[in-house]
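Working notes for the structure below.
Heavy atoms only: backbone and side chains are in, while hydrogens, waters and symmetry mates are out. Here is the naming used below: chain letters follow the sequence lines, and residue numbers restart at 1 for every chain.
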Amino acid sequence: MSEKPKGKLALYWAASCGGCDIAVLQIGARILDVAAAFDIVLWPCAADGKVRDVEKMADGEIDVCLFNGGIRTSEQEYMAQLLRRKSKVLVAFGSCAQEGCIPGLANMNNRREIFDSVYKEGSATTPENSDDVRPQPETEMPEGTLHLPVFYDTLKTLNQTVEVDYYLPGCPPEGDMIWTAITAIVEGKLPPPGSVIGANTTVCDECKRTRTEKKIKKFYRTWQIKPDPDICLLEQGLICCGIATRAGCGGLCPEVNSPCIGCHGPNDGVQDYGARMMSALASVIDSDDPEEIEQIIRDGVPDPVGSFYRFSLASSLLRRKKRSTNGNGAAAATKTKAS
Amino acid sequence: MITTQKSARIGVYICHCGTNIAGALDVEQLTAFADKLPQVVLAKNYKYMCSDPGQDLVKKDIAEHGLDRVVVVACSPLLHEATFRKAAEDAGLNPFLVQMANIREQVAWVTRDKVDALEKAKAHVAAAARRVAQHEPLERKSVPITPRVLIVGGGIAGIEAALTLADADKEVILVEREPSIGGHMSMFDKTFPTLDCAACILTPKMTAVKSNPHIKLLTHSEVEKVDGAVGSYKVRVRRKARYISEENCVGCMACIDECVFPKPKFPNEYDQGLGLRKPVYLPFPQAVPPVPIIDPETCLQLSKGQCKQKCVEACGERQAVLLEQQDSIEEFEVGAIIVATGFKPFNPSVMPYYGYGTLPNVYTSLEIERLINAAGPTGGKLMLRDGSTPKRVVIVHCVGSRDKNYHTYCSKVCCMYSLKLAHLVKEKTEAEIFNCYIDIRTPGKGFEEFYNRVQNEGVHFIRGKVGDVSPVVSDNGQPTNMMTIQVDDTLLGKVRKIDADMVILAVGLEPQKDAEEVRRMFGISCSTEGFFLEKHPKLAPVNTANDGVFLAGVCQGVKDIPETVAQASAAAAKALALIDRGSIELEPNTAIIDEEHCSGCRVCNNLCPFEAIEYDEEKGVSRVIAELCKGCGTCVAACPAQAITGVHFTNNQIIAEIEGVLYDSAPPRKEAVSV
């Protein structure tokens, strides 16, 4: 790797938990090979680097940017656009950038509701806020105007904001997959732009459990049963998303008797992961009686969005709960009627 | 936009369909709209697109303008998709690059306002244009047909169809639920209007079925499951235990003679319960096969496990009596199926005012057929319950038919069989006979002449619906044989009361009780009254929506014997035309599993209604058997990995269609939205 001239690498963290940045370290000692192959020009989590330095770069000067996180604020949107411009290859790194992930579940609410929940109703992380103080994009202070990024109503994925070259699935991506991607980039052996770097089959392919035809009479939550370690978890009534989730993880969760929750996102060509899961499960419910089917679903799936769109709500066909405001602007949210 | 546009040269052709479409919306405006759609090279309208000049228009443009996609905006694809696919094919275009937008049934006929209709039609046109751009050329595949036909129902319809096919040296599997074939016709005495003896004309056909080497006859059997598709249906038949071996029985009837019951004791279903039988019995003397059957509910050995088993002893070394026999399952592969499951007579006990079931001498017409039949329980002697001969008989027409409380349809055969029964009863008993009718309907060969004949024989005709049948009590309060029939004589304009000692209810025909299950099993539809639905009421009266399934007889709608026989012959001819071809062209719109994407999760494995999905244990993937796949899309929707594609119904094609509806044709809002 070190024989080639050094490339420039940027890593960025937008609306995500930070786990993706840490996941990079999962490649272990090979990080040294990365450092040998690339100059890291921006990695706010690990190294010093200034936005203004990036702004000064020529367009396309960065060889690869691994961008994790979705786009929730104006600042993240700006950084996405900036890094897109400056990078030859932009990789949506991890589930948040690819499909919105957990932060995308907030698309079931709008900004006002999120702020209500965080700043007004209080929680373990916010002290009581009796004055109902909320973050404002601009705050006048004697010293001058303070700025905060605008918090958007809807979380968008990276490719809903800028064009993305490659996707690295996972919450977070697995070390081996990251290494495969980096190697491919360094060696120039990349698949066609727009591809997801990973397998094009689903977790079942890597799961060692025995599978038969599926007929499900009752769904269970994980705490309700002690699953048989050798039989397909879904056939035992656990909502295992392995059937719809891209392989690549090695089937880690089912291996330890825990159903797949779908962190690796949809298989190739799937436009709506949750719809796929629902239509698959609906197909194997073992009843012809509409009332019984209704009952099986009501009892077994108390939270359909959380179960089927945990990682993909923002990238689904509908993207979010019906909006009662007219979008992203700061002023719009105040016009919302109570919902 | 989710779909990426593909480059295409689309021609759009809008049909006036005379005034059907052109009268309901502005076709010129629609043409102008279509002309501006992306990738549409030209848009035209024409009076009748399906006519030769209309089709020539398409062909000429394909050649002159290099069109590679065609949208025909006209009627239902059910009617003319084949026409325009053929036209495109003639002009050298793959037929699957044609899309129809149905603005006749879905817009013109159902939209009153011309402006609304135009907007709706625009949505259809835009959807079709976007979709057709995503079409791929497809090839039809040819698969062999199993040259064997399953016929369900051994009444006259099934018998006729079976014999016709056997005449053409085709193998037939004839399945009958009852212990004997013959159906309702075998219960009748004479047939109208010629007064042929029903048994005399039917039984030769029944025995011909039995002796024909091409016909495998399965009586006392029911079809349980049908899989597969036209050309290769897999059929599972349950042969219910008869407890007497058809192979070993020689028809000596010794088992019946020697049964521990010295005399017949149980009502014979075949005689409508008017006659009696033993637990071991032959339904009727001419039954085919001529093999007795043992009723497990009344047989002492089978019901209580205790009997001297004299029947076994009587049968001796032939060992035909098999009290240990169990149901057995047989499976067949057939290329076509004829459904001839017949009807059941309307049960008048739901009409308390006619006294059926409470007044002893109120009979249904089918019961009278048994009573006047020489092979019936009374040896053909028509008598009241007490054994006396009826003197005054009222025949009540339209029982259960033409009645909004029961069936609104006319059962068609009741007028004629009532006339026949009037004639036969008069002939046998000299009784005075009253026909109470709503209308006499005799449109058939020799029918009106027969009506005149019966009138001339002195049978009374009263135009009016019978309102009530009540018992006459004698002066000392004892019940009598007599009944009073109250009828509103609409010709005299007054209510008449007629005393009679026998009432015959001319009950209508209705679908079999299990018609719904049968319908589902064979993948066909029902009309509102429950009779099976033909593919087209005029032009495809024996076909169904399921390509290899044909209909014969009353299961499709009320009809008399000649019509039934004609339809059965037609069904046989259609089935023959299908299976005789040797092979069948399959529509290419099947499902395909991409083995690269399939992880073998097996979600799809038990969903296919045609059993077209198999699982390859070795490779750990599922596979679609193209010959069996009908392209229904069930597995496509269910596949969580999107490894299954519905050819000609890909996601892109469907989403492109939706985008056409929602995006290109977004109509101007009628009221401005206040901001």
Side-chain angles (χ1 to χ4, degrees), chain A residues 160 194 199-216 232-235 239-248 251 254 260 262 264-286 288 308 315-317 319 326 332 335, chain B residues 1-4 134 516-517 520-521 591-609 611-622 632-646 650-659 662-663 673-675:
Chain A
Q160 287 164 2
N200 51 13
T201 173
T202 65
V203 175
C204 296
D205 214 27
E206 300 178 326
C207 174
K208 293 176 194 72
R209 291 165 182 269
T210 51
R211 293 184 291 275
T212 51
E213 292 182 359
K214 295 187 170 37
K215 282 182 175 171
I216 298 171
C232 169
L233 290 167
L234 185 56
E235 284 161 28
I239 297 180
C240 177
C241 297
I243 52 171
T245 305
R246 190 185 292 268
C260 170
H264 255 241
N267 198 13
D268 262 0
V270 172
Q271 275 159 341
D272 193 305
Y273 175 92
R276 282 277 144 202
M277 263 314 286
M278 287 191 279
S279 108
L281 291 191
S283 304
V284 293
I285 290 176
D286 186 20
D288 288 329
F308 305 125
S315 66
S316 66
L317 282 174
R319 295 190 182 187
N326 63 357
K335 288 184 186 168
Chain B
M1 294 288 105
I2 294 167
T3 53
T4 42
Q134 302 281 342
E516 177 62 21
E517 289 100 86
R520 269 196 215 157
M521 188 155 58
I592 293 178
I593 298 182
D594 178 354
E595 293 186 8
E596 287 280 296
H597 282 58
C598 174
S599 63
C601 73
R602 309 194 63 175
V603 162
C604 61
N605 284 189
N606 56 351
L607 299 180
C608 180
E611 307 249 321
I613 298 179
E614 58 179 9
Y615 181 68
D616 183 337
E617 292 275 357
E618 208 172 299
K619 289 175 106 177
V621 294
S622 299
C632 71
T634 304
C635 62
V636 179
C639 177
Q642 199 162 313
I644 314 183
T645 305
T650 63
N651 274 3
N652 272 350
Q653 287 164 353
I654 293 166
I655 288 174
E657 214 168 348
I658 296 170
E659 284 172 350
L662 300 178
Y663 182 77
V673 180
S674 56
V675 183

Quick check: are there more than 12 heavy atoms from other residues, nucleotides or ligands sitting under 6.0 Å from CD of E596(B)?
-> no
With a 4.5 Å heavy-atom cut-off, do K214(A) and L607(B) have their side chains touching?
-> no
For [X] and [Y], work out which heavy atoms get closest and say how close.
X	Y	answer
R211(A)	R602(B)	O-NH1, 3.2 Å
V603(B)	I243(A)	CG2-CD1, 4.0 Å
R276(A)	N651(B)	NH2-ND2, 3.8 Å
H597(B)	N267(A)	O-ND2, 3.5 Å

CG/D272(A) to CD/Q642(B) distance, rounded to the nearest 0.5 angstrom?
-> 10.0 Å
Of S599(B), C601(B), C598(B), which is the lone residue that meets side chain to side chain contact (heavy atoms under 4.5 Å, CB included) with D205(A)?
-> S599(B)
Chain B interface, residue from P266(A), C241(A), A282(A), A280(A) that has the most non-hydrogen pairs under 4.5 Å = A280(A)
N606(B), D594(B), N605(B): which one forms the most heavy-atom pairs within less than 4.5 Å of chain A?
-> N606(B)
Which bit of A643(B) comes within less than 4.5 Å of chain A, counting heavy atoms only: side chain, backbone, both or neither?
-> neither
